[in-house]
Trainee: 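Attaching a single structure in structure tokens format; questions to follow.
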Amino acid sequence: MQLDEVADDTTEVLLTQEQIREKLAELARQIEQDYAGEKLLLVGVLKGAVMVMADLARELRMHVEMDWMAVSSYGSGTQSSGVVRILKDLDTDIVDRRVLIVEDIIDSGLTLSWLRENLVSRGAKSVEIVALLRKPDAAKVDVDVRYVGFEIPNKFVVGYGLDYAEKYRNLRGVAVLAPHVYE
């Protein structure tokens, strides 16, 4: 779905499909250099990271394995419960593995910080993070993110895997959702 098809639901386009593609290619070159000769496991965080994971993996010029996790830190509504639950765990044993968590966006950092520590505690050789988007003004904890695509303002964004009520994930870019849609 193109961004202009939901123009009435958004207030501004932050990133186009082409800007995202170029940034993922740039990140892929850095990852290839940093993990040259290594056996790398990409761990996508469902559901939002599906687009990032697919496009990043296809851009990489090296063999990688992929696995998925789904975690939730939300109770009911939009406020974090403070408790992280694993909804779908890895199928891969990560002992002595180099793991790269693939995320769509980092808001507060609370869930991602927990996830990183969880994977380290399972015996991974290293656990690093790549995120397409980061909202520095929303951070509640400092998370060391090795690869960041774009820093964006603390606004409600959709597209490229990011949703509101399971809609807009398939937008080919990232846009700010208009308040009239979610209020």
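Position 1 is the first residue of the sequence, and the numbers go up from there. Given the structure is predicted, the values throughout are model-derived calculations rather than measurements.
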Trainee: Should Met62 and Glu38 count as side-chain neighbours, where that means a heavy-atom distance under 4.5 Å?
Mentor: no
Trainee: Report all side-chain donor-acceptor pairs from residues 143-153 shorter than 3.5 Å, counting only partners two or more places apart or in another chain.
Mentor:
from	atom 1	to	atom 2	distance (Å)
Arg146	NH2	Asp34	OD2	3.3
Tyr147	OH	Asp34	OD2	2.7
Glu151	OE2	Arg134	NE	3.1
Glu151	OE2	Arg134	NH2	2.7

Trainee: Establish whether Val127 and Leu115 are linked, either directly or via other cluster members, by ILVMFWY side-chain heavy-atom contacts under 4.5 Å.
Mentor: yes
Trainee: Between Val45 and Leu27, is there a shared hydrophobic cluster once you connect ILVMFWY residues whose side-chain heavy atoms come closer than 4.5 Å?
Mentor: no
Trainee: Check for me, please, whether Ile106 and Leu100 land in the same ILVMFWY cluster - side-chain distances under 4.5 Å, paths through other members count.
Mentor: no
Trainee: Which pair of heavy atoms, one from Ala57 and one from Met66, lies closest together, and at what distance?
Mentor: CB-SD, 3.7 Å
Trainee: Would you check if Ile31 and Val64 make a side-chain contact, meaning some heavy-atom pair closer than 4.5 Å?
Mentor: no
Trainee: Does a side-chain heavy-atom distance below 4.5 Å link Val71 with Arg85?
Mentor: no
Trainee: Give the minimum heavy-atom separation between Ala138 and Asn154, together with the two atoms involved.
Mentor: CB-OD1, 3.6 Å
Trainee: Hey, any chance Ile101 and Ile105 share a hydrophobic cluster, counting ILVMFWY side chains that come within less than 4.5 Å of each other, even indirectly?
Mentor: no
Trainee: Under the criterion side chain to side chain donor-acceptor pair (under 3.5 Å), which of Gln19, Glu18, Gln17 is the partner of Arg21?
Mentor: Glu18
Trainee: Quickly, which of Asp104, Asn170, Asp55 forms a side chain to side chain donor-acceptor pair (under 3.5 Å) with Tyr160? Name it, please.
Mentor: Asp55
Trainee: So does Arg29 pair up with Glu26, basic N to acidic O under 4.0 Å?
Mentor: no
Trainee: Would you check if Met69 and Ile86 make a side-chain contact, meaning some heavy-atom pair closer than 4.5 Å?
Mentor: yes
Trainee: Considering non-hydrogen atoms only, spot the tightest contact between Asp107 and Lys135 and give its length.
Mentor: OD1-CD, 2.9 Å
Trainee: Could you list the cluster mates of Leu177? Members are the ILVMFWY residues connected by side-chain heavy atoms closer than 4.5 Å, either directly or through other members.
Mentor: Met1, Leu3, Val6, Val13, Phe156, Val158, Tyr164, Tyr168, Leu171, Val181, Tyr182
Trainee: Looking only at heavy atoms, what is the nearest atom pair of Glu59 and Ala28, with distance?
Mentor: CG-CB, 3.6 Å
Trainee: Look at the side chain of Ser113 and the backbone N and O of Leu110, then say whether any donor-acceptor pair between them is shorter than 3.5 Å.
Mentor: no
Trainee: Atom CE in Met53, atom CD in Glu103: separation rounded to 0.5 Å?
Mentor: 11.0 Å
Trainee: More than 12 heavy atoms of other residues, nucleotides or ligands under 6.0 Å from NE2 of His180: yes or no?
Mentor: yes
Trainee: Judged by atom type as modelled, is there a donor-acceptor pair below 3.5 Å linking the side chain of Lys88 to the main-chain atoms of Trp68?
Mentor: yes
Trainee: Would you kindly confirm whether Ile20 and Leu162 end up in one hydrophobic cluster when ILVMFWY residues are joined by side chain heavy atoms under 4.5 Å apart?
Mentor: yes
Trainee: Using a 4.5 Å cut-off on heavy atoms from C-beta on, say whether the side chain of Leu15 contacts that of Leu133.
Mentor: yes
Trainee: Quick one: side-chain hydrogen bond (donor to acceptor under 3.5 Å, both in side chains) partners of Lys155, sequence neighbours excluded?
Mentor: Glu12
Trainee: Any carboxylate oxygen within less than 4.0 angstrom of a Lys/Arg side-chain nitrogen, looking at Asp89 and Arg122?
Mentor: yes
Trainee: What is the minimum heavy-atom distance between Arg116 and Ile129, and which atoms define it?
Mentor: NH1-CD1, 3.9 Å
Trainee: Would you call Asp4-Arg172 a salt bridge at under 4.0 Å N-O?
Mentor: no
Trainee: So do the side chains of Leu119 and Leu90 get within less than 4.5 Å of each other, counting heavy atoms only?
Mentor: yes
Trainee: What's the separation between atom CD1 in Ile94 and atom OG in Ser121, rounded to the nearest 0.5 Å?
Mentor: 7.5 Å
Trainee: Quick check: closest heavy atoms across Asp91 and Asp67, and the distance to 0.1 Å?
Mentor: N-OD2, 2.7 Å
Trainee: Of Thr10, Leu14, Asp9, which meets side chain to side chain contact (heavy atoms under 4.5 Å, CB included) against Val176?
Mentor: Leu14
Trainee: Does the side chain of Val50 come within less than 4.5 Å of Arg169's, by heavy atoms?
Mentor: no
